[in-house]
Amino acid sequence: MTRYVGSKWRKTSAILKNSYLAAHVPETLRMTKVSLLNSLNRYEMVYVKPEHGSYGNGVMRVERLPDGYRYQSGEKIHQFKEYGPLYRSIVKQTKGKRYLVQKGIHLLKHQGRRFDLRVMVQFSPNRTWETTGIIGRVAAKHKIVTNYHNGGRIVSASTLLREHTSDLNGKLRELEKLGVKAGLAMQKAFPGVYVIGLDVAMDKKLHPWILEVNTSPDPYIFRKHPDGTLFKKIMRYAKAYPKK
């Protein structure tokens with residue numbers, strides 16, 4: 001069994017201790033009336049997300065506009081002239097749960113829809129961290145999250161990145177390195193973690209941003225990877241995790 005860590009706040013704090021990783025983490029704060037307003041003033045677009053949650057449930061995209069504010073939850077868009085009513089509406093959506101506010105990264109698009117990447121990283125049978133798979137997730141029409149369980153479509157990372165860079169192999173190597181460093185940082189902070197899944201956004205400059213670290217990532221999306229040996233390797237590594 002590999003250790004599960006639910007708090008997005010604790011996981012973000014863990015990887016921020018590594019200076020290399022910190023350059024790839026969007027500013028993330030606990031959401032308050034002040035922190036959300038300050039973040040909107042600084043970045044114009046942010047995401048708010050539950051500190052505990054999965055599959056993209058509860059995630060909202062919030063924007064400051066020239067004439068007011070708006071946020072999207074699911075497929076519904078809410079518009080406001082002033083900040084006060086916007087914040088009260090968002091708090092109502094949180095249903096009393098603790099939320100985080102994260103600098104918004106404008107995701108690259110594939111066929112007009114946003115995508116991000118899932119980087120699968122595992123503690124190998126050789127007792128070293130290894131990035132065992134990278135796959136793309138394309139958001140469903142009108143959705144702000146890319147999660148497969150929220151209607152997202154699985155597409156190979158190579159297909160998605162090739163549209164945006166001439167250095168495909170270099171970018172994949174950069175993502176692999178990011179994964180290994182994140183695995184080491186997480187295991188240092190949380191002994192007993194042997195697998196992580198990074199949700200990584202690529203901005204227009206092809207800079208990778210770690211949106212989230214998952215300690216119980218779904219391996220089955222890799223069944224859809226064009227390389228059939230990848231899923232088998234992931235499952236083989238999973239069977240070899242050290243026993244507690």
Side-chain angles (χ1 to χ4, degrees), residues 3-16 25-65 67-107 113-116 118 137-153 186 189-190 193 196-201 209-218 220-221:
R3 180 177 175 184
Y4 176 74
V5 184
S7 166
K8 294 182 177 73
W9 180 255
R10 291 181 69 207
K11 290 183 284 189
T12 300
S13 300
I15 60 173
L16 281 173
V25 179
E27 184 179 48
T28 305
L29 305 166
R30 282 212 159 113
M31 190 184 82
T32 64
K33 191 172 185 179
V34 172
S35 70
L36 178 57
L37 180 59
N38 287 345
S39 296
L40 283 170
N41 286 339
R42 188 174 301 146
Y43 303 119
E44 295 188 346
M45 188 273 286
V46 301
Y47 283 87
V48 299
K49 55 177 77 174
E51 183 175 330
H52 292 81
S54 54
Y55 305 140
N57 295 326
V59 175
M60 293 173 257
R61 177 185 166 103
V62 190
E63 295 172 272
R64 179 170 67 86
L65 307 169
D67 59 347
Y69 301 88
R70 74 176 171 209
Y71 76 89
Q72 182 174 347
S73 174
E75 294 185 17
K76 192 169 181 184
I77 296 173
H78 309 256
Q79 301 247 172
F80 302 87
K81 287 286 186 190
E82 295 178 351
Y83 177 71
L86 167 96
Y87 184 72
R88 286 194 292 274
S89 180
I90 288 173
V91 167
K92 197 173 177 182
Q93 296 265 10
T94 67
K95 300 186 171 95
K97 293 180 182 174
R98 190 180 280 168
Y99 262 61
L100 305 177
V101 54
Q102 187 175 74
K103 172 188 174 181
I105 305 300
H106 292 276
L107 303 184
R113 299 184 187 184
R114 297 182 185 96
F115 74 82
D116 66 9
R118 166 57 62 86
R137 308 180 306 175
V138 182
K141 194 175 182 181
H142 306 309
K143 288 283 185 80
I144 56 169
V145 295
T146 61
N147 302 66
Y148 181 62
H149 296 278
N150 231 308
R153 187 161 57 93
M186 284 293 292
F190 308 106
V193 167
I196 61 168
L198 297 184
D199 293 343
V200 176
W209 294 95
I210 300 172
L211 303 179
E212 203 165 304
V213 183
N214 302 275
T215 56
S216 183
D218 178 9
Y220 291 97
I221 60 172

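- Here Leu36 contributes atom CG and Asn41 contributes atom CG; the two are 9.5 Å apart, rounded to the nearest 0.5 Å.
- A heavy-atom distance below 4.5 Å is found between the side chains of Ser89 and Tyr71.
- Annotation for Pro85 and Glu82: closest pair CD-O, 3.4 Å, computed over non-hydrogen atoms.
- Around the CZ atom of Arg30, the shell of radius 6.0 Å holds more than 12 heavy atoms that belong to other residues, nucleotides or ligands.
- Rounding to the nearest 0.5 Å places CD of Glu212 at 10.0 Å from CD1 of Ile15.
- Put simply, the side chain of Lys8 gets close to the backbone of Pro50: a donor and an acceptor are under 3.5 Å apart.
- Here the CD-NE2 distance, from Glu44 to His106, works out to 8.0 Å after rounding to the nearest 0.5 Å.
- Thr215 places a side-chain N or O within donor-acceptor distance of the main-chain N or O of Val5, the cut-off being under 3.5 Å.
- Between Ala189 and Ala14, the shortest heavy-atom contact is CB-CB, 3.6 Å.
- From Thr32, atom OG1 reaches atom OH of Tyr99 across 15.5 Å, with rounding to the nearest 0.5 Å.
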**OP:** Just do the side chain to side chain contact (heavy atoms under 4.5 Å, CB included) check on His78 and Ile90 with the steps written out, would you?
**Re:** CA-CA 10 Å; His78 309 256; Ile90 288 173; over 6 Å; no
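- Once rounded to the nearest 0.5 Å, the distance linking CD of Glu63 with CZ of Arg70 reads 4.0 Å.
- In this structure a side-chain-to-backbone donor-acceptor pair under 3.5 Å is missing from Gln79 to Lys81.
- Using a distance-only test at 3.5 Å, with no hydrogens or angles considered, no donor-acceptor pair links the side chain of Ser73 to the main chain of Met60.
- Nearest approach of Ile210 to Pro26, heavy atoms of both residues: O-CD, 3.2 Å.
- A heavy-atom distance below 4.5 Å is not found between the side chains of Lys11 and Ile196.
- With contacts defined as side-chain heavy-atom distances shorter than 4.5 Å, the pair Arg113/Arg153 does not qualify.
- Distance NZ/Lys49 to CG/Leu100: 7.5 Å, rounded to 0.5 Å.
- Counting only N and O atoms by type, the side chains of Tyr69 and Arg64 include no donor and acceptor under 3.5 Å apart.
- A donor-acceptor pair under 3.5 Å links the side-chain atoms of Gln102 to the main chain of Leu211, judged by distance alone.
- Looking at Leu86 and Val62, their side chains come closer than 4.5 Å, going by heavy atoms from C-beta outward.
- Side-chain N or O atoms of Tyr83 include one that pairs as donor or acceptor with a backbone N or O of Leu37 at under 3.5 Å.
- In summary, Asp199 and Arg137 engage in a salt bridge, as defined by a charged side-chain N under 4.0 Å from a carboxylate O.
- Minimum heavy-atom separation, Ser7 to Glu51: OG-OE2, 2.6 Å.
- Judged purely by atom type and a 3.5 angstrom limit, Lys33 has no side-chain atom pairing as donor or acceptor with the backbone of Gly84.
- Taking 4.5 Å as the limit, every side-chain heavy atom of Arg98 sits out of range of all side-chain heavy atoms of Trp9.
- Closest of all the heavy-atom pairs between Gly6 and His52 is C-CD2, 3.6 Å.
- Using a 4.5 Å cut-off on side-chain heavy atoms (C-beta onward), Asp116 and Arg114 make no contact.
- The side-chain heavy atoms of Tyr87 and Phe80, taken from C-beta on, include no pair separated by under 4.5 Å.
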